[in-house]
Structure formats: C-alpha cells, structure tokens
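Read the structure below first, then the notes.
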Amino acid sequence: MLKIYNTLTKQKEEFKPIDPPNVSMYVCGPTVYDFFHIGNARSFISSDIIRKYLEYKGYNVKFVMNLTDVDDKIIKKSIEEKTGTEQVAEKYIGAFFQDIGKLTVAKADIYPKATGHMQDIIDMIKELEQKGFAYNVDGNVFYDVAKFKGYGKLSGKKIDELEAGARIEKNEEKKNPLDFSLWKKAKEGEPYWDSPWGKGRPGWHIECSVMSSKHLGKTFDIHAGGNDLIFPHHENEIAQSEAANEQPFVKYWLHFGFLNIDNTKMSKSLGNFFTARDILTKYSAEAIRLFFAQAYYRGPLNFNDELLAAAEKGLEKLGNLTDTINQELSKNITEGVTPELDIKQFEDKIIAAMDDDFNTAQAIAVIFDFTKEVNRIIAKSASGGENINAEFYKNVKAFLERTAVGIFGIMNFNADDNLSGAGIDVEHIQQMIDKRLEAKNEKNYALADKIREELKELGVELKDSKEGTTFKVVK
RNA sequence: GGCGCUGUAGCCAAGCGGUCUAAGGCGAAGGUCUGCAAAACCUUUAUUCGUCGGUUCGAAUCCGACCGGCGCCUCCA
C-alpha cells in the first residue's frame, strides 16, 4: 500500500487515485529563460522517479509538465540578448529537452505552453470575474484573495498574518496586498495578447490552473513542485481553480526539498550557481540520479563536488556488476547451476521502502545489498565453486532492469551507450589487448604495462581475469 | 513576527515506540586473490542517535525546554 506525504494535510496518506489504474500527475516545469540548474534537476529527477515507480506499480500515469514561456524574466532576457521573447523561449526549451534527455528523465505526455493556451486562460479569468473573485483595475486584473475562504490552506498561512508581514510589495491598485495578478496590462514593447481587459499577458499562476485542468481534469491526483512553490504559487493555483471550478483542485500535493551548495543557498550573486549541463560535463547522469535518490526527496540536501564524486564511486560498484552480467550472458552458458537467490525478497523490500512515501534511500540500499549478494555468489563460484549458468544472470539482470534501471535510472545494461558516447574505437582497443596478451605470454611485462598505460590515457581501463582481458570506459 | 524543514559514525544518509549493542554509499585500516593493475569477496570503523528533562515495562524514535543549521512569507525547483 503506497503512502504519500501530502503537503495539504501535512501527513502521510494512503494513495488512492481518483480513477484507478489511471493517475494524473502535474509537475511545475521550467520558466524557459535560462539553462536549468542542478536544483531544478532535483525536482525533475525526483518526479521522474515517482512517476516511474507509479508505473512500476501498474498505474497508467498521465504526466503533464508545463513550460512557462511568457514571463517577466523571459522579457528581461530578450532585452539582454536583443531578440524576441519567442526566440528566447525557443532556445531554452531546446536546451531543456537536451538536458532532461541527458539526465534520462522520461518525457512527459504533454508539455503545454502558456502561449498555446491564451484563450483558455482568458476564459478562466472571465469566469473568475463573473463569479466575483476577480476585479479589473484599468486593464490589470487581480484575484480577490479575501473572497476565497480556503486561502492559505496549503501553506498554513493566514491572510491577516500575511498582511502583517513586512515584505509584501505595495501596490495601490490592489484591494489587498495579497491579491495577485491574473492578467497584466502590457507595457510598451512587451509581448501582448488581446483580451476583454485590453492588451496584456497572463499572470504567472493562472497558466498552471488552466493547463492542468485542461489536460488532467478539474480535479486530478498529484501536483508536484519545489518547496518554494507552496507559497504563493500553489496556494494561488488552488484559489483560482477551486473558485472557478467549484470542486477540489488536487488530491495529493508533493514538494521537493531545496538543494544547497556547501550549506548555502545557490544563487548567481554568490557564484555558487550550477546549471545541470555544467554538472553533466563532470559527472554522469546516473551519478546525479543516485546522489538524489540516496536522500529523502522532501528534505533539504547539500550538494558539492565531494558528494557527487562519492556517488560516482558508488555507481562504479553497480557498473562493474552490469559489466560482469553482460559478459557472462554473452557466453550463454547452459550447463552449470542456477545458484539460489531469493530475488523476490529483495524486490519486496524495495516495494516496501518505496511505498513508504518514496523512501528511495532505503530502496537504493536494497539494490546495493543485492549487488553484494550477487557478487558474493559469483566470487564463490570463481574460487572453485560450481559454474553458474546464464539462467542466473538473466534473472539478476531482469530484476535490476525492473528496479535500478526502470525506477531509478542508475544502471545501464546497454554497454554500447558508453562506448559510442565516449567515442571509443573498439577494434583498435581489441588489437592493443591482443598485442598486450602476446607480450604477457612472452613475460614482457614492461611492454604489457606500457599498453595498459596507453589505453588508460584513452580512457579505457583493462581488467585481467582467468577468462581473458576485458575493458571498460572510465570518465 | 508567522509557517515549515532539519541536527544519527571522518563525510553523505536511512531508520520515526521493542527485530537498533542503528541500513546503505563514500572514506580509512587489515586480509584473500593477482606478474602488475583493477574488480570482487572477508574483517574492522556509532553500546550510540544536538543538550537537558519527562512519558513508558521499553525511546534515536513520543512530549517539553534549550542550543544550532536551513527554507518560505517578494521572482525562484
């Protein structure tokens, strides 16, 4: 039984989708004004793991992620880069897809864009206006927070306490400082759309209300995003959607913890700002995914080089096993024994861990335990035990593909991916290995070691065993 | 000021009332194997869970106080 911590109720709840086995899931996507950073990557990867686990459980997940392509920051960027806002959006949407592709984040079913839903947005604002939740002040339309009874229920804030807070921007046009923009009047030179209130563009929050209900229904199962979106973004979405649709907006709210860099907030001004593509030049996607999966998705997480390097090392242990499995399977041994290994027991543990609010850290621990157990069996066989047949390796591989690959994306059995990715000439490597073998047979160890060194510089590490020499690509 | 998260070995991090003299990863030390190198395996590395009290037959786990870290309350994953 899957339990999920729901920000709305502040407790773990049994997950009961509205229309099983279908699950509707919406994750707040990027505002496409720059490359996304490693903190964004945590949200994308965490939601990817959650989605894949739900699919593993047999749910049919409809996954929607919005792309915010009209916004102040995009306008600002277009001025800086001296292009149009559309060009800015297009450029960073392209970069977004490249980066999530490298991070092996599965594609959403739909990536709705704000600019593609202008009529729907206008319709929803009109509806809010008709129902008395919105007011127009000279082309700027605001949401009247005081009219919505449940305001603050997600973030646990109270309107009067918020009003007492000192950090709310003053705006003469608003009835209440907490009221937020539904429609912004266009300023000179800004992109605009025609509307009943004049030329303008939508406020930030309205697009998510509109696009989520359009693609997932007026009430849907899961809405996820970064911790910082709880207030005001998600609070405002609830206010808009529930006022307009007169039914609950979302059943389960999930929020991802923040990523700190060396215990401080990541920010451009502090110079500790890392884009995901920067990090990907130094570390593998698997290592990044493993690093995130080793912690609880809701908690804060510290990030630095040393920690990612540790994850990369841990990953090697897993990678060595996949190499071994691939090699053994290629031999296709039919005689020999199938050692006893209770795979189901490991799988049950993973399920138990993941069912408890996606305890990925514990699930990953099970995968490492499993790896150790398999290595132990192989070591026993190698040191004079009985030969192991392909059946065993097939079972092991199938399990890891279901879990380590299928849910977490931290292993890769497709060895060619690594080779082609690193631009390795397999034929040349093989020739060198043969040459080295010859040298070894002649006890010319100086030459053998020289070849080893040369290949190492090409990023290829040799490994000798009884059955011959194999190699792997190292970063 | 309000809301929320968090404090477990050298580092990261699970565990949230008994199976805990506390998973897993990294690091470190020793060993097996080995021409070398690596991998892998074996052993060791927290009698203790920020501090002090309380509840309980029993607490890292619940309650209270205190000390510390972080976030949100303004755009932000």
Side-chain angles (χ1 to χ4, degrees), chain A residues 7 10 27-31 33 36-44 46-47 71-73 76 152 155-158 160-169 177-178 204 224-233 235 255-260 263-268 290-291 293-296 298-304 306-321 323-324 349 353 356 359-369 371-372 374-380 382-383 440 443-446 448-449 452-453 456 461-466 470-472 474:
Chain A
T7 309
K10 291 176 185 61
V27 178
C28 284
T31 299
Y33 71 105
F36 68 81
H37 55 69
I38 192 67
N40 296 298
R42 161 126 103 148
S43 291
F44 299 148
S46 298
S47 52
D71 156 278
D72 291 345
K73 290 192 292 285
K76 196 174 157 223
S155 54
K157 295 178 190 304
K158 295 186 177 65
D160 39 339
E161 283 168 1
L162 283 164
E163 284 173 13
R167 297 167 74 187
I168 293 171
E169 89 184 275
L178 292 169
W204 174 38
N227 220 336
D228 55 332
L229 295 182
I230 295 172
F231 190 89
H233 186 54
E235 193 69 71
H255 291 96
F256 306 115
F258 250 59
L259 194 69
N260 291 319
N263 288 314
T264 52
K265 187 174 171 167
M266 174 163 56
S267 80
K268 285 184 177 167
L290 174 64
F291 174 68
Q294 278 183 310
Y296 184 32
R298 291 181 51 240
L301 182 62
N302 200 221
F303 178 94
N304 62 38
E306 202 181 333
L307 295 171
L308 258 198
E312 193 80 74
K313 285 292 288 182
L315 198 68
E316 260 181 61
K317 187 175 283 190
L318 267 21
N320 288 331
L321 214 216
D323 289 347
T324 305
K349 280 185 185 165
D356 183 14
N359 190 336
T360 52
Q362 202 157 69
I364 295 294
V366 175
I367 288 175
F368 275 101
D369 282 340
T371 299
K372 176 158 253 182
V374 171
N375 280 329
R376 201 176 277 153
I377 289 167
I378 295 171
K380 205 170 145 196
S383 65
K440 272 177 61 171
K443 298 243 190 303
N444 184 353
Y445 293 122
D449 289 350
R452 176 193 285 291
E453 277 308 306
K456 197 167 187 183
E461 203 170 88
L462 297 184
K463 194 166 137 186
D464 292 335
S465 73
K466 277 180 204 156
T470 57
F471 68 93
K472 68 172 183 178
V474 289

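Any value given below was found using the heavy atoms of this structure, including those in side chains, with hydrogens, waters and symmetry copies removed. On a predicted model such as this, the values are computed, not experimentally measured, just so you know. In what follows, every chain begins at residue 1, and chains take the letters A, B, ... in the order their sequences are listed.
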Drop me the distance from A:Asn227's CG to A:Leu259's CG, to the nearest 0.5 angstrom.
-> 12.0 Å
Separation of A:Leu462 atom CG from B:G35 atom P, in whole Å?
-> 16 Å
Distance between P atoms of B:C20 and B:G15 (Å, rounded) = 16 Å
On a whole-Å scale, what distance lies between the C1' atoms belonging to B:G50 and B:U6?
-> 11 Å
Would you check if the side chain of A:Asn359 reaches a backbone N or O of A:Gln362 as a donor-acceptor pair within less than 3.5 Å?
-> yes
State which of B:C26, B:C75, B:G2 makes the closest approach to the side chain of A:Pro232.
-> B:C75
Spell out yes or no: do the side chain of A:Arg452 and the base of B:C36 have one donor N/O and one acceptor N/O closer than 3.5 Å?
-> yes
A:Glu316 or A:Gly226: which one's nearest nucleotide on RNA chain B is closer to the 5' end?
-> A:Glu316
Pairing nucleotide - B:U55, Watson-Crick or G-U, each distance under 3.5 Å | none
pair_partner(B:G7), Watson-Crick or wobble, both distances < 3.5 Å, evaluates to B:C67
How are the rings of A:His233 and A:Trp204 set relative to one another: parallel (under 30°), tilted (30 to 60°) or perpendicular (over 60°)?
-> parallel
Closest of B:C73, B:A39, B:A13 to the A:Ala295 side chain is B:A13
Taking A:Arg452 for its side chain and A:Leu462 for its backbone only, find out whether a donor-acceptor pair lies under 3.5 Å.
-> yes
Atom CD of A:Glu235 and atom P of B:C3 are separated, to the nearest Å, by 15 Å
When we call it a touch if two heavy atoms are under 4.0 Å apart, what does A:Gly39 touch: a base, just sugar-phosphate, or nothing?
-> base
5′-ward residue of the pair A:Thr371/A:Arg42 relative to RNA chain B | A:Thr371
State whether A:Arg376 places a side-chain N or O below 4.0 Å from either non-bridging phosphate oxygen (OP1 or OP2) of B:C42.
-> yes
Is A:Asn40 touching bases, backbone alone, or none of the nucleic acid, heavy atoms closer than 4.0 Å?
-> base
Nearest listed nucleotide, side chain of A:Lys313, among B:A77, B:G27, B:C11 = B:G27
Find the partner of B:C72: check Watson-Crick (N1-N3 plus N6-O4 or O6-N4) and G-U wobble (N1-O2, O6-N3) distances, both under 3.5 Å, and reply none if neither fits.
-> B:G2
Who does B:G24 pair with, Watson-Crick or G-U, both distances under 3.5 Å?
-> B:C12
Answer yes or no: is there an ion pair linking A:Lys440 with A:Asp464, defined by an N-O contact shorter than 4.0 Å?
-> yes
Assign A:Leu315 to base, sugar-phosphate, or nothing according to its heavy-atom contacts below 4.0 angstrom with the strands shown.
-> nothing
Considering just the side-chain nitrogens and oxygens of A:Lys372, establish if one lies under 4.0 Å of OP1 or OP2 belonging to B:C42.
-> yes
Here the distance between atom P of B:C11 and atom CD of A:Glu312, to the nearest Å, is 23 Å
Contact under 4.0 Å: A:Asn375 side-chain N or O vs B:C41 OP1/OP2 = yes
Residues, nucleotides or ligands: over 12 heavy atoms within 6.0 Å of A:Glu316 CD = yes
Which value, in whole Å, describes the distance between the C1' atoms of nucleotides B:G25 and B:A13?
-> 8 Å
Spell out, as yes or no, whether a donor-acceptor pair under 3.5 Å connects the side chain of A:Glu235 to the backbone of A:Ser155.
-> yes
Report which part of the nucleic acid A:Gly257 touches: base, sugar-phosphate, or nothing (heavy-atom distance under 4.0 Å, all strands).
-> base
Scan A:Leu259 against the nucleic acid and name what it touches under 4.0 Å (heavy atoms): base, sugar-phosphate only, or nothing.
-> base
Is A:Asp449 touching bases, backbone alone, or none of the nucleic acid, heavy atoms closer than 4.0 Å?
-> base
Choose from B:A23, B:A13, B:A38 the nucleotide whose nearest atom is closest to any side-chain atom of A:Glu461.
-> B:A38
Scan every strand shown for a Watson-Crick or G-U wobble partner of B:A46, both distances under 3.5 Å, and answer none if you come up empty.
-> none
Quick one: label A:Phe256 by what it contacts on the DNA or RNA (base, sugar-phosphate, nothing), any heavy atom closer than 4.0 Å.
-> nothing
Which value, in whole Å, describes the distance between the C1' atoms of nucleotides B:A29 and B:G10?
-> 13 Å
From B:C36, B:C12, B:C76, nucleotide with atom closest to A:Trp204 side chain = B:C76
Say you pick atom C1' in B:G27 and the same atom in B:A60; how far apart are they, in whole Å?
-> 24 Å
Contact class for A:His37 (heavy atom, under 4.0 Å): base, sugar-phosphate, or nothing?
-> base
For atom CZ of A:Arg298 and atom C1' of B:G4, their distance in whole Å = 9 Å
Nearest-angstrom distance, P atom, B:C63 to B:U55 | 15 Å
Go through B:C11, B:A77, B:C72 for me and flag the one nearest to the A:Leu229 side chain.
-> B:A77
When the P atoms of B:G71 and B:U61 are considered, how many whole Å apart are they?
-> 26 Å
Which atom of A:Arg42 lies closest to which atom of A:Phe258, heavy atoms considered = NH2-O, 3.3 Å
Between B:A40, B:A23, B:C72, spot the one nearest the side chain of A:Asp228, thanks.
-> B:C72
Between CZ of A:Phe231 and P of B:C76 the distance, given in whole Å, is 12 Å
Using a cut-off of 4.0 Å on non-hydrogen atoms, how would the nucleic acid contact of A:Lys380 be classed: base, sugar-phosphate, or nothing?
-> nothing
Report which part of the nucleic acid A:Ala310 touches: base, sugar-phosphate, or nothing (heavy-atom distance under 4.0 Å, all strands).
-> sugar-phosphate
Partner nucleotide, any strand, of B:C41 [Watson-Crick/G-U, under 3.5 Å] = B:G31
A:Ala448 has a side chain; which of B:A38, B:G35, B:A23 sits nearest to it?
-> B:G35
Considering only atom P, compute the distance from B:G64 to B:G4 and round it to an integer number of Å.
-> 13 Å
Heavy atoms from other residues, nucleotides or ligands near NZ of A:Lys10 exceed 12 (cutoff 6.0 Å) | yes
Classify the side chain of A:Asp464 and the base of B:C36 as holding, or not holding, a donor-acceptor pair under 3.5 Å.
-> yes
Under the 5.5 Å and 30° test, is A:Tyr445 stacked on the base of B:G35?
-> yes
Are any of A:Asn320's side-chain N or O atoms less than 4.0 Å away from OP1 or OP2 of B:A40?
-> yes
Which atoms form the tightest heavy-atom contact between A:Asn302 and A:Asn260, and what is the distance?
-> ND2-O, 3.3 Å
Report yes if a side-chain nitrogen or oxygen of A:Lys10 is closer than 4.0 Å to either non-bridging phosphate oxygen (OP1 or OP2) of B:C3; otherwise report no.
-> no
Measure from the side-chain heavy atoms of A:Gln294 and tell me the nearest of B:C26, B:A77, B:G25.
-> B:G25
So, for A:Ser47 and A:Val27, which heavy atoms are closest and what is the spacing to 0.1 Å?
-> CB-CG2, 3.8 Å
Under-3.5 Å N/O pairs linking protein and nucleotides 15-18 of chain B:
from	atom 1	to	atom 2	distance (Å)
B:G15	OP1	A:Asn359	ND2	2.8

Rounded to the nearest 0.5 Å, what's the gap from CE on A:Met266 to CD1 on A:Ile38? Could you check?
-> 7.5 Å
A:Lys349 atom NZ is separated from B:A23 atom P, nearest whole Å, by 13 Å
